[in-house]
2 protein chains.
Amino acid sequence: MTAITWQSVQAEALRRIRTREWPPGGQIPHEADLAEELGCARATVNRALRDLAESGLLERRRKAGTRVPLNPVRKATLEIPIIRLDVEARGQAYGYRLLARETTLPPPDVCATLKLQAKTPLIRILALHLADNTPFCLEDRWINPLAVPEIVSADLTTISANEWLVQNAAFSRGDFAFGATLATDTTALRLSCPQGAPLFTVDRTTWAAALPITAVRLSYAPGYQMRAEI
Amino acid sequence: MTAITWQSVQAEALRRIRTREWPPGGQIPHEADLAEELGCARATVNRALRDLAESGLLERRRKAGTRVPLNPVRKATLEIPIIRLDVEARGQAYGYRLLARETTLPPPDVCATLKLQAKTPLIRILALHLADNTPFCLEDRWINPLAVPEIVSADLTTISANEWLVQNAAFSRGDFAFGATLATDTTALRLSCPQGAPLFTVDRTTWAAALPITAVRLSYAPGYQMRAEI
DNA sequence: TGGATTATTATGTACATACATATTAAATCT
DNA sequence: AGATTTAATATGTATGTACATAATAATCCA
């Protein structure tokens, strides 16, 4: 029976940080000293402190040691589910409607975010996600067919591009930008909300290495909140 | 020289996931088998796969083994810096103005989010954060003086409550809710933006165990975007 | 057959040791 | 003194072994 787990070491470290036994800006003992003091292996202390450093509560550098940051930059974890699961997790019935699908030349801003030549034709998808039959989220997406050729034969009337891409595109990197925009007249119509309503929006771009796959703007119906914990 | 690191094992696992050599929904080999195949210790494989599971790319269960999820719920990491550092990271000059400070009974909704009795007087802070002398973010905060008694003697005209609390409050848990709201007349005035402009807002509540510390709404000037990577 | 019990198994973790690596501090040279 | 080289050191990681734990599969019994 080993009474000391890395979690217990972490809890003790957290206690010392919170009580300022390890003051902000100050150095904390070496792993080896802590291991001896707490009666465990250095690897156990390492696991505990490494984890705290990843969440921003400690700063570690080789040779320099470990210190408590003065202005910790805490890290919160955002869960990015497919929209269907997001709706279903709220206990609501999910619905989906493909509004438009075409292959056309993208506007300059889309070209820029995807770093593509202006003359590359892309697939544009416009779709509406519903929760309990009321508009939940409007998906305005551009897809690079060179990155996912199978998309041209995919039936996007029953499965959303959001879901299809998660399952079929081997993406390696993604950027997110969260913001607020006003509902334009057409957007308001589609989301069944007043024109000028404030919409929470997510602009997402995903890549397979250097190859751009897709850029999407998700406009959520008024009142939507994205949640996170720390 | 040990050629095989846990990062290289992770890269190989990622490759197999992306190429569908390990298909979605399918089981992958045991750690022990992988370790033998790749020529490393099981602990190395464990570290690599555990990390992938934490980011949502694998699902692991004791005895059941490891599988590739059909609908992976990816985890993005959000960095939560103090506002001053957020501004300075953009290469802009940070400014700060305390607009109001009073001790008063909070409205019912604030009581509810903080789970406090309605008759508990709280400290209310209203402050403006500036970037290059233009309004950047409006901070509307309620602080529980029972959780941080030193706040009553803190000078919040030179250091923001945001920063003071990060440095002085030992919080253990926090909830975030991101959304979009319309600028009311008073908010528009303070942020120097048109009334009815869409504002990206963050509602944050922090706790020390079960003791509520503070609830704050941050309203960012129009155009602000919060970014994350995956 | 059905329900409880027991065995099995894959992951999770602890440990001691050894070495790698980044970074700082000391020493050396010009 | 200032620049360069060298030593020292704290963290980072790999390994083999051992055992813990959770979850499943097999078994047993009524």
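Just so we're on the same page: letters track the sequence lines, and every chain starts at 1.
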Restricting to nitrogen or oxygen on both sides, can you table the protein-nucleotides 4-6 of chain C pairs closer than 3.5 Å?
none

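Legend: residues meeting ring pair (Phe, Tyr, Trp, His ring centres under 6.0 Å) with F136(B), ordered by chain and number and at least two apart, are Y220(B), Y224(B). The salt bridge (Lys or Arg N to Asp or Glu O under 4.0 Å) check on E12(B) picks up R15(B), R16(B), with sequence neighbours excluded. Listed by chain and residue number, W22(A), D33(A), L34(A) satisfy the side chain to side chain contact (heavy atoms under 4.5 Å, CB included) test with P29(A) (two or more places apart in sequence, or in another chain).
Counting only distance, with no hydrogens or angles, the side chain of Y96(A) and the backbone of R84(A) share no donor-acceptor pair below 3.5 Å.
Contact check for W142(B) versus I123(B): no side-chain heavy atoms found under the 4.5 Å cut-off. The shortest side-chain heavy-atom distance between L49(A) and R60(A) falls under the 4.5 Å cut-off.
A side-chain donor from one of Q10(A) and D51(A) sits under 3.5 Å from a side-chain acceptor of the other.
For the ring pair (Phe, Tyr, Trp, His ring centres under 6.0 Å) condition, no pair includes a residue of residues 33-55 of chain A, sequence neighbours left out.
Note on E59(A): nothing from the nucleic acid sits closer than 4.0 angstrom, heavy atoms only.
Across residues 41-57 of chain B, A41(B), R42(B), A43(B), T44(B), R47(B) each have a non-hydrogen atom less than 4.0 Å from an atom of DNA chain D (numbered order).
Atom CH2 in W6(B) sits roughly 11 Å away from atom C1' in dG12(D) (whole-Å rounding).
Between the base of dT21(C) and the side chain of K63(A) there is no donor-acceptor pair shorter than 3.5 Å. No hydrogens or angles were tested; on distance alone, a donor-acceptor pair under 3.5 Å links the side chain of R62(B) to the base of dT11(C).
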